[in-house]
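Below: the structure, in structure tokens.
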Amino acid sequence: MKLVLLGAPGSGKGTQAARICEEFSIPHISTGAMLREQHLNNPEHNKELHERVAHGELVPDELINEMVSERIREADCKNGFLFDGYPRTNAQAVYLDSLCPVDAVVRLEVPMDLIMDRICGRRVCSECGENYHISALTAIGSEDTCPKCGGRITTRKDDNPDTVKRRLEVYAEQTQPLVGYYAAQGKLIEVAADGRPEDITREIFKLLRELT
Ligand code: ADP
């Protein structure tokens, strides 16, 4: 199964992606995570890229497309994959179609007012990468330590209100039009994503099983 998960920053893509990939045994390909691992791991390198990401702008299509084309050539992508955060522009969608057309695009729809709270409250474990909302960590008295693995809890640098505002504008301008692009291909699966994560997961599984 070759899938794309489409949704604004804070729509819950990361959480749902992990669950979909486990259920359908496909690799989770997050271009944001790849970018942080491969190009943004040293603050002294790639200063321009750091700047763009820190300001909520996208990085160049060519860089992302190249990372993706290398990644899907790896053996674990043989039976499918799920893209999280890719494609994000029309040029990326056209490139992906030329590389390997996907079977379906799951779109997570969330009201904008929820998104600000979700992202600004987002915390990430520096060890296992698990995402949390600060309120959940506070509730169990574990604001600094990952309840799953004991790793240190961090906040992503681009999860601050100004950058989030710009990321949402960029999403509306450049990524939202892909909804129409994939609807025209008959590949769009729309899911309301403002409920409980487990209910959203159940709905996604149900819709994806209808495909197979
Ligand atoms: P989110 O979905 O919450 O915005 P990501 O981890 O997917 O977070 O992306 C973080 C940043 O990485 C983006 O704001 C952007 O600058 C860059 N990025 C990630 N994927 C892409 C992409 N496909 N095209 C261009 N830039 C990207």
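The residues of the chain are indexed from 1 along the displayed sequence.
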Ile140 versus Pro147: any side-chain heavy-atom pair under 4.5 Å? yes

Close side-chain approach of Cys149 and Glu130, heavy atoms under 4.5 Å: no

Taking Arg196 first and then Asp199, would you say they form a salt bridge - that is, a charged N and a carboxylate O separated by under 4.0 Å? yes

Check the pair Met67, His39 against side chain to side chain contact (heavy atoms under 4.5 Å, CB included), reporting the backbone distance first and the verdict last. CA-CA 10 Å; Met67 274 184 355; His39 297 277; 3.7 Å; yes

Which residues satisfy the side-chain hydrogen bond (donor to acceptor under 3.5 Å, both in side chains) test with [X], sequence neighbours excluded?
X	value
Asp159	Arg122, Arg167
Thr155	Arg123
Ser142	none
Arg156	Asp158

Would you list the pairs meeting side-chain hydrogen bond (donor to acceptor under 3.5 Å, both in side chains) in which at least one residue belongs to residues 2-16, sequence neighbours left out?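 Only Gln16-Thr201 qualify under side-chain hydrogen bond (donor to acceptor under 3.5 Å, both in side chains).
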
So side-chain hydrogen bond (donor to acceptor under 3.5 Å, both in side chains) across residues 22-32, not counting sequence neighbours, yields Glu23-Arg209, His28-Asp84

Donor-acceptor pairs are to be reported for all side-chain atoms of residues 168-182 against protein atoms at under 3.5 Å, with residues two or more places apart or in another chain.
unit_1: Glu169; atom_1: OE1; unit_2: Arg166; atom_2: NH1; d: 2.8
unit_1: Thr175; atom_1: OG1; unit_2: Arg88; atom_2: O; d: 2.7
unit_1: Tyr181; atom_1: OH; unit_2: Asp97; atom_2: OD2; d: 2.5

How long is the span from the NZ atom in Lys165 to the CE atom in Met116, to the nearest 0.5 Å? 8.0 Å

Rounded at 0.5 Å granularity, tell me how far CD1 in Ile153 sits from SG in Cys146.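 It comes to 5.0 Å.
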
Residue pairs passing the salt bridge (charged side-chain N to carboxylate O under 4.0 Å, His left out) test where at least one lies in residues 186-195, sequence neighbours excluded: Arg107-Glu190

If you look only at pairs with a residue in residues 59-71, which of them pass as a salt bridge (charged side-chain N to carboxylate O under 4.0 Å, His left out), with sequence neighbours excluded?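 Output for this query lists Arg71-Glu74, Arg71-Asp76.
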
Neighbour count >12 (heavy atoms, 6.0 Å) for atom CD, Glu48: no

Going by chain and number, the hydrophobic cluster around Val191 (ILVMFWY, side chain to side chain under 4.5 Å) further includes Met1, Leu3, Leu5, Ile20, Phe24, Ile26, Leu82, Val106, Leu108, Ile189, Ile200, Ile204, Phe205, Leu207, Leu208, Leu211

With Lys47, which residues qualify under side chain to side chain contact (heavy atoms under 4.5 Å, CB included), at least two apart?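 Lys47 satisfies side chain to side chain contact (heavy atoms under 4.5 Å, CB included) with Glu44 only.
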
Of all residues at least two apart in sequence or in a different chain, which pass the ring-ring contact (aromatic ring centres under 6.0 Å, His included) check with Phe81? Phe83

